[in-house]
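To start, the structure under review is shown below, and the notes come after it.
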Amino acid sequence: QVQLVESGGGLVQPGGSLRLSCAASGPTLRYYRIGWFRQAPGKEREGVSCISSSSYDGSTYYADSVKGRFTISRDNFKNTVYLQMNSLKPEDTAVYFCATGSGGIEWSLSSHDYNYWGQGTQVTVSS
């Protein structure tokens, strides 16, 4: 069973940057589809980005709201997936989660396609 732990959240001013980490214990992450999600107070969980498994060449996908500002990547040696967030906006404020799921889906930004979740890390964008 995969266990995921997020880190790297914090308070940042608008226009700033943060890098979130999703470290895994258990199976090697490169064989899994990994997604980043976020949930703001009073809102539904939203898919932000996904990186496919090595079976699908580690292709990356982004929600329109973050395209061009966020970058997902994977360090196979460290068994960690990162989410680099640049040009942050107040509307990016949320708890960010990483997740993985079973099955042969190449990519998904739907939380229903993910079975294992980290505990989340808070990102606050405010001046």
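Just so it is clear, the model here is predicted, and its values are computed rather than measured.
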Distance flag, aromatic centroids of W117 and F37, threshold under 6.0 Å: yes

CA sep, side-chain torsions, deciding dist, call: D92, M85, side chain to side chain contact (heavy atoms under 4.5 Å, CB included): CA-CA 9 Å; D92 294 318; M85 307 187 296; over 6 Å; no

Distance, nearest 0.5 Å, that separates CZ of F70 from OG1 of T60: 14.0 Å

Test log, rule side chain to side chain contact (heavy atoms under 4.5 Å, CB included), inputs I72 and Y62: CA-CA 9 Å; I72 191 171; Y62 301 93; 3.5 Å; yes

Heavy-atom closest pair, residues A40 and T93: CB-O, 3.7 Å

Residue pair V66 / R38, side-chain heavy-atom distance below 4.5 Å: yes

Steps toward side chain to side chain contact (heavy atoms under 4.5 Å, CB included) verdict (Q39, F97): CA-CA 8 Å; Q39 189 164 19; F97 301 87; 4.3 Å; yes

Which atom of F77 lies closest to which atom of D75, heavy atoms considered: N-OD1, 3.0 Å

Nearest heavy atoms of R33 and S108, plus distance in Å: CD-N, 4.0 Å

Crowding at CD, Q3 (>12 non-hydrogen neighbours, <6.0 Å): no

Partner of T100 by side-chain contact (heavy atoms from CB on, under 4.5 Å), out of V81, V2, D113, N115: V2

Least distance between heavy atoms, E6 atom then T121 atom: CB-CG2, 4.0 Å

Validation row: E91, S65 side chains within 4.5 angstrom (heavy atoms): no

Nearest non-hydrogen partners of S52 and E106, listed with the distance: CB-O, 3.1 Å

Trace of the side chain to side chain contact (heavy atoms under 4.5 Å, CB included) decision for L11 with S126: CA-CA 7 Å; L11 173 64; S126 175; 4.2 Å; yes

4.5 Å side-chain heavy-atom contact, Y31 and S55: no

Ring-ring centroid check Y116 Y32, cutoff 6.0 Å: no

Separation between OH of Y114 and SG of C50, rounded to the nearest 0.5 Å: 3.5 Å

Distance (rounded to the nearest 0.5 Å) between I51 CD1 and Y61 OH: 10.0 Å

Distance (rounded to the nearest 0.5 Å) between S87 OG and R69 CZ: 7.0 Å

Shortest non-hydrogen separation from T80 to S21 and the atoms involved: CG2-CB, 4.1 Å

ILVMFWY network linking V123 to L83, side-chain heavy atoms under 4.5 angstrom: yes

Side chain proximity check, L18 to V125, heavy atoms < 4.5 angstrom: no

Any donor-acceptor pair under 3.5 Å from D57 side chain to S59 backbone: no

